[in-house]
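Scroll down for the structure; my scribbles are underneath it.
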Amino acid sequence: MLNISGLSTSYGSIKAIKGIDLDVPQGSIVSLIGANGAGKTTTMNSLVGLLKPQAGQIKFLGQEIRGLAPHKIVNLGMSLVPEGRKILAGMTVLENLEMGAYQRKDKEVQADLAKVFRRFPILEERKQQLGGTLSGGQQQMLAIGRALMARPKLLLLDEPSMGLAPLVVSDIFKVIQEINQEGTTILLVEQNVRQALKIAHYAYVLETGKIVLHGKAEEVAKNPRVMEAYLGGAKADT
Amino acid sequence: MFWQQLVNGLTLGSTYSLVALGYTLIMGVLNIINMAHGEVFMFGAFVGLFLVNYLKVNIFVAMAGAMVASALLGILLEMLALRPLRRRAVSDLAPLISTIGVSIFLENLALKIFGPQSQAFPAGALSGVQLQLGPIRITLVQIVILGISFGLMFVLRFWLSKTRVGKAIRTTAESIETANLLGINTNKIILLTVALASALGGIAGVLVGLSINAVEPTMGLSMGLKGLAVLILGGMGNITGAMLGGLILGIAEVFTVAYGASSYRDAVAFGIIILILFIRPQGLFGKRQGGRF
Amino acid sequence: MKKGLTKWFTGMMIGTLLLTTAGCGGGSAPAANSVSEGAGTAKIGVVAYLSGGGAAYGQSQKEGLDLAKDEINALGKVKIELVYEDSRGNNTEAINAVNKLINKDNVVALIGPTLSGEMFASGPIANQSEVPIMGTSTTAEGITDIGEFVFRNALPESSAVPQAVKMAVEKYNLKKVAIMYSSNNDWAVSGYKTMAQALKDNGVEVLATETFADKDTDFSAQLTKISSLKPDAVMVSSLYQEAALVLKKAREIGITVPFVGTNGFNSPELIKIAGQAADGAIVASPWYPGKESEKITKFVTDYKAKYNKVPDQFAAQSYDALYIYASALEKAGSSTDRAKLRDSLATIKDFQGVTGKFAFDEKRNPLMDATVLIVKDGQFTELK
Amino acid sequence: MTLVLDQVSKSFGGLAALSDISFKVNDGEIIGIIGPNGAGKTTLFNLITGIFPPSEGKISYHGKNLLGLRPYKVTALGLARTFQNIRLFGHMSPLDNVMVGAHCRTKAGVWRGLWRTPAQRKEEKSTRERAQALLQLVGIENDTDSPAGSLPYGQQRRLEIARALATEPQLILLDEPAAGMNESETEDLRLLIKKIQMMGKTVVLIEHDMNLVMNVCDRLVVINFGQKIAEGTPAEIQKNPLVIEAYLGREEA
Amino acid sequence: MDIILNQYYLQIVIFVLVNAILGVSIYMTLSTGQLSLGNAGFMSIGAYTCAILTVKAGFPVYLAIPIGGAAASFISLIIGYPALRLTGIYLAIATLGFGEVVRVIILNLKITNGALGISGIPTLGTKISKMLSSFGLSRFGGLTAQQTSNLLVLVVLIFILAFLVFFCTRLNRSRVGRAFASIKADESAAEAMGINTTYYKLLAFALGAFIAGMAGGLSAHLTFFIGPKDFAYHRTVEILSFAVLGGSDLIIGPIVGALLLTMLPELLRSASEYRLMIYGALMVIMMAFRPQGLISEETVRFWKRKLGRRIKQ
């Protein structure tokens, strides 16, 4: 579904990612993990067109999308739930969701809205509330719901568990898995490595802008190098 | 006299509000102050005048025409003076300076094209008719100004809160990046916003030109500065603020003249700017965070 | 790319600098390229407000001068060449313009600048350089105090305004009046002061003094206040645009009393903008196109033929100014001697112009009569 | 006790970012603050350095109350910091960046700077020499003419540390100094942090690179979801199930 | 020699120098990254204080000009303390408003003579000539009194500008200058590095106001007349455009900007109707293609490298 090869993006003179190759097969959950500053968010923003990569190819559904404007990429069926959620704080929950379906002109928008409300009942309860007044977990649900309103073929999630209480985190992961099972392909950037690897089919490990390891999720999970990166030292395998 | 002065203040204030709405829309979406807005206002007045005087159209048709022409001017402004600046990361002062440049250019272009003399709408274009309500005398022009200003403001509010494109403008105002992520073509929305703001400036120009029956190239500067004062008074990017702020400034000015010293009238507007910025930089109706419109 | 741009800009900058020096170099021989129309041509520099907000005044002046120049040159007694410089209503620009005309164009005398403030700034330069300079619209007090070389044929407000006030007081039996003036216009403030003094001299009570600013458009607050005081007349000191808007608004809110104005009332534009509302506006003016005089009729007809409009006071006074120079030049017998020209200018007497009989007094101010005019049915007519 | 945090809380617009955080930092220690993204670590640094005040709680340094002090005063007391997203003065040379750091330890004002009085020249010379020494310490060539913003990433991070050291701090707060560094750069950084400790300074470190944290820190404080969930030596922390859960996610979800 | 002594050129050069001083004043406040549009206001405070002192109180010019600067500086401290909490466009608009308020106040005060302004201000040239003649030096061989006095004014202005340039370059290479630069680069990082940003911003603001006030005093004594109109919005824009065109990274930037923009109108005299249009278009083009101005640090570095290479070859 998504094939990336040799992707490089810089900020000024600093190269944030340096020639990444990555594949996301249809129907899968692919996880991209790595430490802070490794270039995960840069990768995501490059994919959706918020950043303009200097080199490489991004093929989405067989089409080259590098350099396209973000709204065109959304139109092709790729949506990003950004890091920090970025919900529209001054607009109501309902308006947030409506804006998710901004590009759609079909008649099933209302049905999809109902579906989002079924998935996250709390959003329906608070649909007239301003987005900024929701708690962190609810905001994350809203951000995911909003992205789903575009009916993406590929959903990108950038650190959906960031700053959330453990219970909420596991809820969010459950939802991600459900969304995938309903047919949406997912590329997930996570710090919560264990959870991410648990639901993912494939995983890539990013270090200082380069892919240093990739493979099936359970294999990557067993790789000592990953544990070392996250808990440090050989003592990590408790 | 009090009630009569209040009506005077409201009429004056409603034109300030219309001008300030243009500022606030652009401020809300692009986070810049369009210093050329006053000149767009002047341009709109001239277009309206031209339509009435030379093409002999109805005054309301002329208003519509002025709105369209000003919107086109706004589009040029966005494409030539604002968009090129967004491509590179420049300080937030660059658009300020760029639009100051546009304002100087437009004012002098108008002097060249229309000449420095002030020109008038023909007699009969709404002038003359008056209503007497108890102690208050209201002219038809005043009623038209009040009606159109308030009408436009409420239509704008409704449009922004209920329509798809209106919501897209609000989304872009919250965050251009998020709007991009949601599939909104933000360049188009920005273009639309600048055009809309300019159209409001244009019709305000016709209304003011009509009420004072004089249109001339330098009329943009003082009105522009007043609009700016309202923008700050009401809170940048805040529509309610622009509407109420305009009325407050209009009434404050009129009452300064009526019960104080008329020579300090201009100091009122700028005194308000300074005071508000010191005491409550977010403006009377602005919030520190959260939604804009 | 970035380097390219840098180079390009630096190149441009150096280019501009070179151009700048070249520009200076071009003017290095002022004497050589100045006189073109034979030795007898007198070069007169004109500094006028030709672009910007007040360009309407400068434009009128230019038209009056051009018309006069063509006539004088056709007569053939003296030849005059005019060199125009724009001052944009700005003091610094006026200084530069005067300096350029004197030192680069080597003019024998100057006309202008348009505004009194500009004259205060640039007149001293001409005076120091000993070049005669004549204001045609600088009516503020103290202009000719600048020095021996500074003249004007603009009737100072101190002479015109009292005539209008006196006439109005007698005619309409004024007891109490209100005053309005533009407080950010030097000339209007000066007119206001004269006006207040004249009212005092005539024993008229001032109910209220309201101000506004040039380019103001909303006068409803001031006029509502004045309206409630019920004055016998309203005095206005401002340029014609604001004056016209004041009149319009005043009539609209029901003030029907006469309006007495300073020189700003004295323009066809006042009637054009204010329309019917201008009726009852009173002003004293040296220029009255309706006067029975062959000279005036000819001027008005020629002007109309050339520019398709009735000349205003700015045009008329500039027209006269050039004729005054012409006769002084003739008397001086030289087209280049500035000192001689000054001396002959100072002796001008019994000059008959379109603005009436004219002479300079010992302070180089004009000695001339004004006619008090009133607008009736959209026409200036003499108030008798 | 050098730095003491007592039940510090901070909320933004009703949402709690930190709640009831208490811990102490002793002289000469290297303390690591770890926790997932968004846990509130940088907020903690901002509270300590006076960028904004806590909603509740007390922060003191050597017994002096830090609350209500503007950041420059906190720095003058001997606390310096680096930033998570590098905030160098990009157009200035590396040397000038470090010399800015020495600001609060020097005195020359406009007058002395204008006339280059002997006192000013002496001060300027010693400032420059110290700045050069610091650049050397962190391993940046000090004769470079290019602006700080054009240095490679790793060098920018180290330059920030040099700049912070120039304020002559007793305690230095490092916010993710290893972010974006490769392994060998991180190793250099580890040695540098040790050197700083050897200079008698206290270090508080926010870091995600666990290798670095486990190897360099004496003690760790773990924050998750705005709360302190553990405190102890690296070995203790690595065995703490709460930490493992917070960090890697729950084993059995 | 004739060209140099032609009063027209002398006068333009004199205005270039005064404008260059104004350019330095906006550079000063910009050196901490604060855009103040109040410089025309400070200029008017300086000009009026100075003119009133010399015309009405008979102060000597050399005393009145610095007092004018000090007055502007004093007012700047009063409004600067609250104003400098604002940043970016907010500060720009607040200071723009301040300039307008000053103008309206001047219009309404008795001592400033309202809209009539103050005329008959003695010129700097005659004052200096008088001073010199009291030392026994009157005119130099073959020069007219006017040329002499203009040349003297020129010398004085060059001296003042040179001193300001010296002042700024010295400042830039000192502790205070580094503090300014760091605030310009990143205010909160500078504060975290132990810099009292309020103090230094206020210092730069007051220094800028002082220089603007002095420029006001100087220009009052060069134009014989000052009125409130001379210090309105257009003057603010003019001063701003010096920094925009020339660049505000380096002190030479606004000076070059002042040079070009004072020369340009004289060169374009023939196209005077289009002058301001060109002016406006220039500002837009500069912002789109070269927001840092003609002269930036990179330009200087580029030429240094280039010239350096040539010398080595």
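We name chains A, B, ... by the order of the sequence lines, and we start the count at 1 in each one. Worth saying up front: this structure is predicted, and the values here are computed from it rather than measured.
At a cut-off of 3.5 Å, with distance as the only test, a side-chain donor of Thr9(A) or Ser46(A) sits close to an acceptor on the other residue.
Neither the backbone nor the side chain of Gln227(D) comes within less than 4.5 Å of any heavy atom in chain A. For Ile17(A), no part lies under 4.5 angstrom from a heavy atom of chain D.
With contacts defined as side-chain heavy-atom distances shorter than 4.5 Å, the pair Thr43(A)/Tyr204(A) does not qualify.
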CA sep, side-chain torsions, deciding dist, call: Glu185(D), Arg158(D), salt bridge (charged side-chain N to carboxylate O under 4.0 Å, His left out): CA-CA 10 Å; Glu185(D) 284 173 325; Arg158(D) 290 205 297 272; 5.1 Å; no

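Between Glu219(A) and Lys222(A) there is no salt bridge, since no side-chain nitrogen of the basic residue lies less than 4.0 Å from a carboxylate oxygen of the acidic one.
The choice from Ala178(D), Ala39(D), Ala179(D) that makes the most heavy-atom pairs within less than 4.5 Å of chain A is Ala179(D).
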